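Note sheet for the following structure.
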Amino acid sequence: MEVIWFAVFTVLLAGYFALEGFDLGVGLLLPVLGRTRANRDRMVAAVAPYVLANEVWLVAVAGTLFGVYPLLEHDLLFGLYPLVVAMLLCWVLRDAGLWFRRRLDGALWRGFWDGAIAFGSLGLSVGWGMTLYAAATGFAASPVHPVGLMLGVVVTLLFAFHGWTFLGWRLPGVFGVTRPGRVLLGTALVAALPALGVLGGAMPYLLAHSAPPATLNVLSLMVLPFAPIMLGAQVWVWRTFRPGKDAVRLLPSFF
């Protein structure tokens, strides 16, 4: 059962990197590709339908982490407390930018919240790389380490490339590129590689910190039946907002 739940946790974290990675990547590219208000609106409109569905994966990752690996709660929340708080603030800032950027029509207002989206996306991307480094060391080393910072840069670049590919798929030709779905799938796998690599190396550590088998059995009965619902909702989102749909017309009014 420990191995099964390790596999579930790996799939969830890799899925979060593959899906939320392009959300964060588009946010990172706002200052680069969003030179005009129209382009920034197109970029946010392209990614907005997927944001909430992709963030469900992070909720599932957190729930699985503290349910399956309760002994890691101290190492993660207290050992990485400043980093965890910074990432949560960046998450809130990025989402606040998505929610508030259209509340008023002034250039200064929109510019501030567009900057919040970019800054929050940057903080989350770098933070995830630093967190993966800490996990690779069994939370024995500080994430503020040259290797941790370098991994943060690598994750940020992978997310930015994934976001650029997503824009080429979602808005073909708008930013000078057109990407088929198979290329987007390829960059999704590449974006997930850091999570897969670190978890593969940390497998013995995680298995040694798993919850008792009885707890894992109860979690299986409570959680696994809902997995098809989450996957089905994800498929519905991707089918509904596939290329060819009017991104602005289908964009939720609050984004």
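Model, not experiment: these values are computed from the prediction.
For residues 132-142, no pair satisfies salt bridge (Lys or Arg N to Asp or Glu O under 4.0 Å), with sequence neighbours left out. Here salt bridge (Lys or Arg N to Asp or Glu O under 4.0 Å) pairs that include residues 113-122, with residues two or more places apart or in two chains, are R40-D114, R101-D114. Contacts classified as salt bridge (Lys or Arg N to Asp or Glu O under 4.0 Å) and involving residues 16-29 (residues at least two apart or in different chains) are given here: E20-R94. Evaluation of the side-chain hydrogen bond (donor to acceptor under 3.5 Å, both in side chains) test over residues 173-189, restricted to residues two or more places apart or in two chains, returns H162-T187. Residue pairs that meet the side-chain hydrogen bond (donor to acceptor under 3.5 Å, both in side chains) test with at least one member in residues 150-161, sequence neighbours left out, do not exist here.
Remark: W91 engages E55, D95 in a side-chain hydrogen bond (donor to acceptor under 3.5 Å, both in side chains) (not counting sequence neighbours). For W109, the side chain to side chain contact (heavy atoms under 4.5 Å, CB included) criterion is met by F100, R103, L104, W113, not counting sequence neighbours. Here A214 pairs with nothing under the side chain to side chain contact (heavy atoms under 4.5 Å, CB included) rule; sequence neighbours left out. Listed by chain and number, the residues in a ring pair (Phe, Tyr, Trp, His ring centres under 6.0 Å) with W128 are Y16, F17 (sequence neighbours excluded). Scored by the side chain to side chain contact (heavy atoms under 4.5 Å, CB included) test, A160 finds L28, L29 as partners (sequence neighbours excluded). Looking at residues two or more places apart in sequence or on another chain, you find a side chain to side chain contact (heavy atoms under 4.5 Å, CB included) between V174 and R42, L171. Scored by the ring pair (Phe, Tyr, Trp, His ring centres under 6.0 Å) test, W236 finds no partners at all (sequence neighbours excluded).
Aromatic pair W169/F241: ring centres not closer than 6.0 Å. Separation of the W164 and F175 ring centroids does not fall under the 6.0 Å cut-off.
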- [ ] Give the intermediate values and the outcome of salt bridge (charged side-chain N to carboxylate O under 4.0 Å, His left out) for residues R102 and D41.
- [x] CA-CA 9 Å; R102 297 183 66 192; D41 286 346; over 6 Å; no
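Using a 4.5 Å heavy-atom threshold, the side chains of S121 and I117 count as touching. At least one side-chain heavy atom of F139 sits under 4.5 Å from a side-chain heavy atom of L80. Contact check for S210 versus W5: no side-chain heavy atoms found under the 4.5 Å cut-off.
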